[in-house]
Structures are given as C-alpha cells and as structure tokens.
Amino acid sequence: MKTRMTELFGCRYPIQCGGMLWIAKPSLAAAISNAGALGNLTSGNYNSADELRAAIDETRQLTSAPFIVNITTMPSIRLPVELLQAFFRVCCEKKVCAMEIAGAPVDRFLGPEFLPMAHEAGVKVLHKVGTVKHAVHAQKVGYDAVTIAGFEEGGFPHKDNVSTLVLVPRVVSEVDLPVLAAGGMANGRSLAAALSLGADGIMMATRFLATRESEVHPNIHKVLMEKQEYDTSLNLQSLLSGFGLQVRALSNAIMKKVEEVEKAGGDLTDLLPLISGERARAVWKEGNAEEAMLTIGQSVGLIDDIPSVSELIERMIMEARETIHKTHGLLNTDDEPWKQKSTA
Ligand SMILES: Cc1cc2nc3c(=O)[nH]c(=O)nc-3n(C[C@H](O)[C@H](O)[C@H](O)COP(=O)(O)O)c2cc1C
C-alpha cells in the first residue's frame, strides 16, 4: 500500500501509532515498526534529554525500520518548555525519521528556529491537530504532514466536537500535505474508510494499547475488550477550554469525581490529585481501571481481542484490501463517468 504517507516516512503500511504517555516505549514502538507500520516513541515518558537519547538507541537496537517520536507541546510542570526544546534537539541530533508534534505549533511554543532545525537534519515533522484552521497553519509554517483528529479520539480532542468523518475531507481539501486520519480508527475498515475520505493513512492509539506488546496489567486488556463505544466521556472543559481542548477518557469512578469537582467550581489544585499522570501510570501497571483518568477513545467499542502487533497489522491490511476490493465491486466498470470527465 503506497501512499504519500508511506513515501514520506518510508514505512510499509499507512498506519501510525499515536503518542501514548507511559505506553509508547521502545518495545512497543519497535514491534509496530517491525510489523510495517510506524511505531511511536513518546518523549513524555522521559525526564531528560539523555533518557530520550537512550530510548532512541534502545528502539534502534530492536528495529531497523523507521519510527516517530511524539513531543506533546502543552504547558506542563514535569515537562517544561526547555525540556521539550531539548527533546526536539535530541531528535535532530539522532536524525530520527520523524517527530509527531501534538499541541501548540512548534514555531510558537518552542520557537521559530525549530522547524528549520529539523529540516536541516533531514527529520520530518508532523503536526497532530484538531481543526482545519490548525492544519492550514501547519502547512503555512512548513510542517511535512498533518494528522487530523476527530473528537472520537482518546486524549485531548479539540473543544469543537467535530467528528473524524467530517474533518478528514475538510482538511484534505484545504491542505496539500500528506494527511493522516485519527480518532475512531481501529481496523482495516477504518483504514479503507480513511483512504476513501482522501487521507494518506491513519493514526491510532487505543487499538495499539490493546495488543500483547503493550506493557499494561492484564486487567486493562480485559477492560479494553469489554468496554463499548459509549463508555468514554469528554471532561475537563473548565480547565482546558482556554487551550481549545478537553479530555476524552474512560468513564469511571475517578471521572465521576472529576465531574463533581468541576461542577462545584473546583480548580487545578482540586483536580490535580485526581487527574495526575502518575495516577494513570500506576493504574496501567496495577490494573484497577476505576482509579485514574485513562485517555481512551471511542474506538474501544471496536476492540474485542488482544492480538500481537503483527497479527493486528496483517489483519488490518487484509481487511482494508478486501473492503476496497468489495467497494470497487459495487461499480459498473464499463461506466466510469469520472474518466470521461477527466479526459474531456
Ligand atoms: C493511553 C493513551 C495515552 C495517550 N497519551 C498521549 C500523549 O502523551 N500525547 C499525545 O499527543 N497524545 C496522547 N494520546 C492520544 C493519541 O496519541 C491519539 O491522538 C488518540 O488516542 C487517537 O484516538 P484513538 O485512541 O481512538 O485511536 C494518548 C492516547 C492513549 C490511548
């Protein structure tokens, strides 16, 4: 499957893993890249430039295939701007295949010198955005690709609440860069649909969380198989709408508490103990899915098994091909008016 995405990143299949704090580490990234998709090494897992350097080396020992490094450009106490700038420099120094920037654009958040720095090093930079306006900005300032994420996505969707089905064709019409579709992607039919909408590939995260290589407690895998598309909710608007964002997370006991605190007018100090990343880190390991904010997408409704990464990717590619083939079979190929139109 050759698309502008596979050409840009040099991967076999047009499927990327999205950034996942505490999850997207060398072993999972390498498993995904070895299976022909684009694995993700999430820089937020590390506390220093040296730690990220070591993680890039470790991933390279596990795979010779390309992978992408996520840098989440959002205000954070643990990951101040200076550290994110250092992460960016490490990616350039190590000449990784690409960076996935999620959050504020690099030119504004890190500085105008950063995108040219990446290009000089031969590193591609993709921007994950949630609106058409931000995709257009990404093209204007020189990103190499965009991921457009609908509000189905786990994590931090835009507050506009627009679905992937509408955002992808909108961005494809407005931007002349490789476009990845994200939010609600989980199987080969998702991939076929995204390609039909004009995308060059897909990005998914929740589906990769539900693979044998993601290092979470078995109970988390069980929860991912049981939960349905209606089992996530949008939260933290009081805290995040100033940034244009909100959080989609699994509906659970903690998120109920978060809702109560927000309704009572609580602020960051009240909310932080409930939503901290450290809490999520413990839950991924220990398995009680009620006890932390778990950023899971609506795509959880499409998950009912825990395959290995390579089984998942092979199955997706087969299913996408079959779907495209079936769709093509609906056409009467003697009558192809668009061909006449293009030669007229
Ligand atoms: C467990 C988990 C952790 C995530 N952590 C991050 C992160 O650190 N940075 C980021 O940009 N996105 C993060 N995301 C969002 C994903 O990269 C992606 O945008 C989103 O999950 C896509 O929707 P899907 O999960 O339905 O495929 C996370 C998602 C999940 C499931």
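Values in this document were obtained by computation on a predicted structure and should not be read as measured data.
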Charged N-O contact under 4.0 Å between [X] and [Y]:
| X | Y | value |
| --- | --- | --- |
| R212 | E311 | yes |
| R4 | D200 | yes |
| E291 | R279 | no |
| D176 | K140 | no |

Roughly how far apart are [X] [atom1] and [Y] [atom2], rounded to 0.5 Å?
| X | Y | atom1 | atom2 | result |
| --- | --- | --- | --- | --- |
| E51 | S43 | CD | OG | 11.5 Å |
| R60 | K94 | CZ | NZ | 6.5 Å |
| L28 | L209 | CG | CG | 8.5 Å |
| D144 | Q139 | CG | CD | 11.0 Å |
| C91 | M99 | SG | CE | 5.0 Å |
| T63 | E58 | OG1 | CD | 12.5 Å |

Could you walk me through whether L167 and T164 pass the side-chain contact (heavy atoms from CB on, under 4.5 Å) test, one step at a time?
-> CA-CA 5 Å; L167 283 173; T164 308; 5.8 Å; no
Quiz question: by atom type and distance under 3.5 Å, do the side chains of [X] and [Y] form a donor-acceptor pair?
| X | Y | value |
| --- | --- | --- |
| T59 | D57 | no |
| R248 | T232 | yes |
| Q16 | E100 | yes |
| N45 | T42 | no |
| E215 | S27 | yes |

Beyond-backbone contact of [X] with [Y], side-chain heavy atoms, under 4.5 angstrom:
| X | Y | result |
| --- | --- | --- |
| V90 | I56 | yes |
| M185 | M203 | no |
| V146 | V171 | yes |
| E153 | H158 | no |
| T72 | L79 | no |
| S299 | R207 | no |
| S190 | M204 | no |
| I15 | I313 | yes |

Partner set under salt bridge (charged side-chain N to carboxylate O under 4.0 Å, His left out) for [X], not counting sequence neighbours:
| X | answer |
| --- | --- |
| D160 | none |
| E322 | K326 |
| R89 | none |

Without swapping roles, check the side chain of [X] against the backbone of [Y] for a donor-acceptor pair under 3.5 Å.
| X | Y | answer |
| --- | --- | --- |
| N40 | C17 | yes |
| E226 | L224 | no |
| T73 | A102 | yes |

Please list, chain by chain and in numerical order, all residues satisfying side chain to side chain contact (heavy atoms under 4.5 Å, CB included) with R321, sequence neighbours excluded.
-> M1, I317
Return each pair, listed once, that meets ring-ring contact (aromatic ring centres under 6.0 Å, His included) where at least one residue sits in [range]; pairs must be two or more places apart or across chains.
| range | answer |
| --- | --- |
| residues 78-98 | F88-F114 |
| residues 190-226 | none |
| residues 16-71 | none |

Are [X] and [Y] connected, step by step, through hydrophobic side chains (Ile, Leu, Val, Met, Phe, Trp, Tyr) whose heavy atoms are closer than 4.5 Å?
| X | Y | answer |
| --- | --- | --- |
| L21 | I296 | yes |
| V216 | I32 | yes |
| V141 | L84 | yes |

Could you give me the CA-CA distance, side-chain angles and deciding distance for E319 and R315, then say whether salt bridge (charged side-chain N to carboxylate O under 4.0 Å, His left out) is met?
-> CA-CA 6 Å; E319 192 183 35; R315 182 170 83 193; over 6 Å; no
Decide if atom [atom1] of [X] counts as having more than 12 heavy atoms of other residues, nucleotides or ligands within a radius under 6.0 Å.
| X | atom1 | answer |
| --- | --- | --- |
| I77 | CD1 | no |
| E120 | CD | no |
| M225 | CE | yes |

Side chains of residues 249-266: which donor-acceptor pairs under 3.5 Å do they make with residues two or more places apart or in other chains?
residue, atom, partner, partner atom, Å
S251, OG, D231, O, 3.3
N252, OD1, I254, N, 3.3
N252, OD1, M255, N, 3.0
N252, ND2, A289, O, 2.8
N252, ND2, A292, O, 2.9
E259, OE2, K263, NZ, 3.2
E262, OE1, L236, N, 3.2
E262, OE2, Q237, N, 3.4
E262, OE2, S238, N, 3.0
E262, OE2, S238, OG, 2.4

Working for side-chain contact (heavy atoms from CB on, under 4.5 Å), residues I68 and L41 = CA-CA 6 Å; I68 192 164; L41 184 66; over 6 Å; no
Quick one: closest heavy-atom pair of A65 and S33, and the distance?
-> CB-O, 3.5 Å
Applying side-chain hydrogen bond (donor to acceptor under 3.5 Å, both in side chains), name anything that partners E286, two or more places apart in sequence or on another chain.
-> none
With sequence neighbours excluded, what pairs up with S241 under the side-chain hydrogen bond (donor to acceptor under 3.5 Å, both in side chains) test?
-> none
Pairing residues for F156 by the ring-ring contact (aromatic ring centres under 6.0 Å, His included) criterion, not counting sequence neighbours | none
With sequence neighbours excluded, residues passing ring-ring contact (aromatic ring centres under 6.0 Å, His included) with Y143 | H127
Step-by-step side-chain contact (heavy atoms from CB on, under 4.5 Å) determination, V247 to L234 = CA-CA 5 Å; V247 169; L234 292 165; over 6 Å; no
Should I306 and K222 be marked as a side-chain contact (heavy atoms from CB on, under 4.5 Å) after you check the CA-CA gap, both sets of side-chain angles, and the distance that decides it?
-> CA-CA 9 Å; I306 308 295; K222 191 162 165 275; over 6 Å; no
